[in-house]
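Counting starts at 1 for both ligands and their atoms, in listed order.
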Amino acid sequence: MVKKYRLGQPFDTEAVVKQIESLPFEDIPFEKETKDNFTSISFELGKDDLIFGLGETVRGINKRGWIYESWCSDETTHSEDKRSLYGAHNFIVVRGKTTFGLFVDYPGRVKWDLGYTSISNAVISIEDCNADFYYITGDSERDIVKQFRAIIGKSYIPPFWAFGYQQSCWGYATEKDFIDVRDNHRNNNLPLDCIYMDIDYMDNFKDFTVNTNNFPDFKGFVDDMKSHNIHLIPIIDAGVKKEKGYSVYEEGHEKGYFCKNDDGTDFECGVWPGVVGMPDFFNKDAQRWFGRQYKFLTDMGIDGFWNDMNEPALFYSKKGLDNAIEKLKNIDTEKVNIWEFFNMKIVISELPNNLDDYASFYHNVKGKMVCHKDVHNLYGTFMTNSAGDFFEEEFGKEKILMFSRASYIGMHRKSGIWFGDNFSWWSHILLNLKMLPAVNMCGFLYCGADLGGFANNCTRDLVLRWLQLGVFTPLMRNHRALGSRAQEAYNFENTEDFADVLAVRYRLIPYIYNTFRRCSDENDMMFRPLAFDYPEDKLAVETEDQLMLGDECMIAPIYEQNKNGRYVYLPEDMTFVKLSGENVCTENMTKGIHYVDVALNEVPLFIKSGKQIPLCKSALSTAELDTENLEYIG
Ligand code: GLC
């Protein structure tokens, strides 16, 4: 049962697609407080109550005991002291005396104090008096999630080939770079379906341009790659470079399609291309206009995109930079003491993603100026929807691959997400796993992390272990930062181990794809905490390094270095399966704790007794997969 409680006159976030009658906020079954510009709801937490959800966040599957803030952030260190990452996923399910779901439909900052200030209290607050609150009860956590997902609409389904393996690196710049990646995969028996084009493919980081020195015949190149069953997937950043003669900028500026300062001039800030105008995706004309720019690339055969820097990430605002330089200019270098030195550092470190900047620019919402900070969490979503609308109009559904870094619930109908700039850290394999059910709860099914880690230097074993989790995530992309250690599979010794793991992904594609489609159709979760499936089993409830996958499987990847296996808890009898290349090794196991050995070229999987899953033969691309002739294991 879903009940909607309305406070004031909420901004239309477009998150909920189902019409639901509004009840007065006063009737919401929580303690509540509303002051001039502040609203909070709170409820008691029993000793053993659990809280699930919040999508893309740090820490555990059970979110209790920390304070989170929904505020889409260009957050480069996903350490456990952080409160926000790139997405604003305002949905939780609380298991307590009554089990309920809660969606706070509000596009500004939401604070979730989930037993942080007081372990026995949850307090959720916003600095506003306008929001919709959805309260959902049901038979189980999974049922509550399904009811929630039914009101926010069906999840995006990408093309079939988007379930293949994908290679990315910030730094591939020329045709030769891409051809090398392709050939090195093909020549080493490593399957591959997509290669990503990071900002380096553009002309001076300008959206909807291509560097013609590096790609003299871009369309021909895209076609040629397709003839090898490789899709090229370019990045699109939110900011549009301010440059005379650059038609996208000039048109956007002339038509008033960029965000504005309070005096009506364009708000300007610095991102990768230097000074940019920020498209005002809240203005429907501007939103449509930006979406149609993707045509420049789709006309050349491109059929996949990743949207980035759309929290939006601001390295500096023009105003902020001018002020900072003024402050630094006035420093007398002869008199700098240690405190002044630290102050100087702060002047620069406070420039990126500054809250004063977010409070200083405006969107045109049906002719009314709305301050960015009040609707911040929708920016990336409205960017991505601009493209999604265009793709659906032009090509229909399921034709174009797209995922975004920033997101709000609602965007899940048009696009997937990736989990942003993680590190080549073992702990980030586990964080990747923990985020999966939480984002599924919010409708994001097509998702995945940068496998191998984005920042810092990876090791061979880390990449292999991470791929062994990635084998199950709908988006399976290896991506890394400029300057970090090469982590393409062919750059390591004994490439055959990588070929074995990637072959497993291709063998599993029929299962993963069909499970994905079913979860989209039935508003179900593809990955669930064990706590959802075995609510009475204390050990299962506390297990946070294993997940249920579909209705048949459990996954338990290895996420520590120098380990040849791990302990796994089986909440019921299961078949332990080790997959490696075309090899399948099975062993029946009884409910309980087991130590399982898993070599670096093996993928561990557990199948519930009485269930089976299909495997096809592996291939070097999805186009070559024979999905008709299946073998069943279990
Ligand atoms: C951002 C993205 C990252 C990308 C980089 C350069 O940090 O999150 O994936 O490689 O920008 O475009």
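- With a 4.0 Å heavy-atom cut-off, ligand 1 is reached by no atom of Thr76.
- Listed by atom number, the atoms of ligand 1 under 4.0 Å from Arg405 heavy atoms are 1 (C), 2 (C), 7 (O), 8 (O).
- The shortest contact between atom 8 (O) of ligand 1 and any protein heavy atom is with Asp421 OD1, 2.5 Å.
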*Applying ring pair (Phe, Tyr, Trp, His ring centres under 6.0 Å), run through Trp170 and Tyr196 and close with a yes or a no.*
CA-CA 9 Å; Trp170 174 10; Tyr196 281 71; over 10 Å; no
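- Both tests hold for Arg477 against Trp418: distance to the six-membered ring centre under 6.0 Å, angle to the ring axis within 45°.
- Ranking the protein heavy atoms by distance from atom 9 (O) of ligand 1 puts His479 NE2, 3.0 Å first.
- Heavy-atom contacts from other residues, nucleotides or ligands closer than 6.0 Å to NZ of Lys241 number more than 12.
- The side chain of Trp306, and not its backbone, has at least one atom closer than 4.0 Å to an atom of ligand 1 (non-hydrogen atoms only; side chain from C-beta on).
- Checked by distance only, ligand 1 and Arg477 stay at 3.5 Å or farther apart across all their nitrogen or oxygen atoms.
- With distances taken over non-hydrogen atoms, the option nearest atom 6 (C) of ligand 1 out of Asp74, Asp198, Val271 is Asp198.
- From the protein, the heavy atom lying nearest to atom 5 (C) of ligand 1 is Trp170 CE3, 3.8 Å.
- Considering only residues two or more places apart in sequence or on other chains, Arg292 meets the side chain to side chain contact (heavy atoms under 4.5 Å, CB included) condition with Arg288, Lys295, Phe390, Glu393, Glu394.
- Contacts with ligand 1 closer than 4.0 Å are made by no heavy atom of Phe419, backbone or side chain.
- Both tests hold for Lys206 against Tyr246: distance to the six-membered ring centre under 6.0 Å, angle to the ring axis within 45°.
- Atom 2 (C) of ligand 1 has as its closest protein heavy atom Asp308 OD2, 2.9 Å.
- Between Tyr294 and Phe290, the ring planes lie perpendicular to each other; the angle is over 60°, past the 30° to 60° tilted range.
- Atoms of ligand 1 lying under 4.0 Å from at least one heavy atom of Ile235, given by number and element, are 12 (O).
- Other residues, nucleotides and ligands place more than 12 heavy atoms under 6.0 Å from the NZ atom of Lys226.
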*Would you please test Tyr165 and Tyr506 for ring pair (Phe, Tyr, Trp, His ring centres under 6.0 Å) and show each step?*
CA-CA 8 Å; Tyr165 179 58; Tyr506 281 71; 7.8 Å; no
